[in-house]
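Just so we're clear, the structure is a prediction, and the values are computed from it rather than from any experiment. Every number for a ligand or one of its atoms is a count from 1 in the order of the listing.
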Amino acid sequence: MYPKIGIRPIIDGRLGGVRESLEETTMSMARNVARFYTENLKYPDGSAVQCVIADSCIGGVKEAADCATKFQSENVGVSLSVTPCWCYGTETMDMDAAIPKAIWGFNGTERPGAVYLAATLAGHNQKGLPSFGIYGRDVQDLGDEAIPEDVREKLLSFAKAGLAVAIMKGKSYLAIGTVSMGIAGSEIQSDFFQSYLGMRNEYVDSTEVMRRIEQKIYDQEEYVKALQWTKDHCQEGEDFNEAAKQRSREQKDKDWEFVVKMTLIIRDLMEGNPKLAEMGHGEESLGHNALVSGFQGQRQWTDFLPNGDFSEAILNSSFDWNGIRRPFMVATENDSLNGISMLFNYLLTNTAQIFADVRTYWSADAVERVAGWRPSGQAKNGFIHLINSGSATLDGSGQQRENGSPAMKPFWEITEAEKQACLDATTWYPADLGYFRGGGYSSNFLTQGGMPLTMCRINLVKGLGPVLQIAEGWSIDLPEKVHHTLDVRTNRTWPTTWFVPNLTGSGAFTDVYSVMNNWGANHGAISYGHIGKDLITLASMLRIPVCMHNVPDENVFRPAAWNAFGMDKEGQDYRACDTYGPLY
Ligand SMILES: C[C@H](O)[C@@H](O)[C@@H](O)C(=O)CO
Ligand SMILES: [Mn+2]
């Protein structure tokens, strides 16, 4: 079901001695990389990444063509050529324009593997097929089967981004509803999805959710189990609405039932559910092949019906009534560009994502004035308040642990205790009736400090196209009283992450204020880990220029062709993306 990594062992085709002497070494190189990938990479469902190796070493165009045929039949979506020797570049290179490709030229001098790498990258550049070049720093002895650390790192970066490209291809973004409150990201730009991501756009009017609720088009047994689990594990908080406006207990209980049904239905709309076919709903059982969805919610739905926050938060989390499981990417306010940003992060890390407003920059002076406490340490230059009702995964509470520190992990690494801790750290407040007249619930948690985070956002600029912004940084803790003082000025029923971006001292990363001031939209997608370099590699595969990032130049890994577009990393990126244009 998931695309595979194709591995192409390239060899000098001269029989009568040369080829024979290299067959085993070359094929072993391919087998070792395949094993390395399978042991180190997993698909979103937790299964090991699969590799396909060409049936033979590739010494010429016939074997190259046979390999291409095999790759097509085996659903190969990423291509890696490996070689320890000289071979014939344009006779053996992978000519498939639509799949990400790389070449690892073994740094051994008994045979000129690096020369093949350089020659074939030149071929790729001449033919407009950008390819990544991987060349180890230290010479290895011919036959040395070890994969050096610097090569491993590039092999992984390339494969993670390549698989993200391949997994997105052909999948849908499902919009449930339309534009939310004039948010431009809710205006679905189908050409962006089609040309840059190879994705389709599916649209469902919000009334479809109502139809399925009223006609009970959802798994009734699962619903009973889900409602009970929700009552047991989703603790309802104080109602901060004016007493006169508060919804009755009876209404609140109905709202719980309603939002649980919404959750089942949104999931089924995305991926389908064979149970619906058993119930006689064949078409509904198929779903919309959606890897990511957006729920408009505001305002027409939420002015009238319980809000989508519960559904969005639970679906984005790594667990629900069915236990610990992979998260579903769901954007609130149908912000499709932030939804795609979440998807990029997710496919690179297999971890759940936080969707947030980039709401407030708090300078140290402002914090001192308002809360009587001057930030110090990591927060001394101020910090950013990330907060949005809805699509923040409960994993974002930071209750999971990696080497003893707060983390957000792939679902298969999360323990039952960590799942429970995330649920216990979350309070479900009756929705703010000023914003959400139809009621419902909002998830509230406070992200633990000390987590490495990366925030990104895809923005669309007319005349330029898509650009990607990236800010690596950390979640921080504030003294409880300070957090409370600042938080109640906003919406205390929503989830909060206090974020400090890593500063470089220049440009948009001169200071924390500049990061906020340069952010290109109201939203950001926040992932665990410092994954900026992987996002940069992914963006280059998609020909999306990166307009802002705080990743050191030496960590930037893009196709070799980019070097031909000048020496400045940013300028070459724009020129290369402009030259190559969208991938599809
Ligand atoms: C409830 C409010 O309308 C929020 O949804 C709104 O401030 C936003 O999140 C805007 O992105
Ligand atoms: Mn928002």
| Which pair of heavy atoms, one from Thr349 and one from Pro410, lies closest together, and at what distance? |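 Closest pair (atom of Thr349, atom of Pro410, distance): O-CG, 4.0 Å.
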| Among all residues two or more places apart in sequence or in another chain, which pass the side-chain contact (heavy atoms from CB on, under 4.5 Å) test with Thr493? |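 So Thr493 forms a side-chain contact (heavy atoms from CB on, under 4.5 Å) with Phe240, Tyr429, Ser442.
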| message | In this structure, is the centre-to-centre distance between the rings of Tyr435 and Trp494 below 6.0 Å? | response | yes
| message | Could you check, using the six-membered ring where one of them is a Trp, whether His385 and Trp498 have ring centers closer than 6.0 angstrom? | response | yes
| message | Tell me the angle that NE2 of His523 and OD1 of Asp357 form around the Mn ion (ligand 2), rounded to 10°. | response |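 For NE2 of His523 and OD1 of Asp357, the angle centred on the Mn ion (ligand 2) reads 80°.
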| query | For the Mn ion (ligand 2), what is the closest N, O or S atom on Glu333? | reply |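 Glu333's closest N, O or S atom to the Mn ion (ligand 2) is named OE1.
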| request: In sequence, state the C-alpha distance, the side-chain angles, and the governing distance for Trp428 and His233, and then conclude on ring pair (Phe, Tyr, Trp, His ring centres under 6.0 Å). | output: CA-CA 10 Å; Trp428 300 85; His233 298 286; over 10 Å; no
| Going through the checks in order, is the ring pair (Phe, Tyr, Trp, His ring centres under 6.0 Å) test met by Tyr441 and Trp256? | CA-CA 8 Å; Tyr441 295 91; Trp256 277 118; 3.8 Å; yes
| query | Where does the angle between the aromatic ring planes of Trp321 and Phe310 fall among parallel (under 30°), tilted (30 to 60°) and perpendicular (over 60°)? | reply | parallel
| message | Regarding Asn522, does it place an N, O or S atom less than 2.8 Å from the Mn ion (ligand 2)? | response |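 No N, O or S atom of Asn522 is closer than 2.8 Å to the Mn ion (ligand 2), so no.
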Considering only N or O atoms, set out every pair between ligand 1 and the protein closer than 3.5 Å, with distances to one decimal place.
residue	atom	partner	partner atom	Å
ligand 1	3 (O)	Gln298	OE1	2.7
ligand 1	5 (O)	Gln298	OE1	3.4
ligand 1	5 (O)	Gln298	NE2	2.7
ligand 1	5 (O)	Glu333	OE2	3.0
ligand 1	9 (O)	Glu333	OE1	3.4
ligand 1	9 (O)	Glu333	OE2	2.8
ligand 1	9 (O)	Asp357	OD1	3.3
ligand 1	9 (O)	Asp357	OD2	3.0
ligand 1	9 (O)	Asn388	OD1	3.1
ligand 1	11 (O)	Glu333	OE1	2.8
ligand 1	11 (O)	Asp357	OD1	3.0
ligand 1	11 (O)	Asn522	ND2	2.9
ligand 1	11 (O)	His523	NE2	3.0

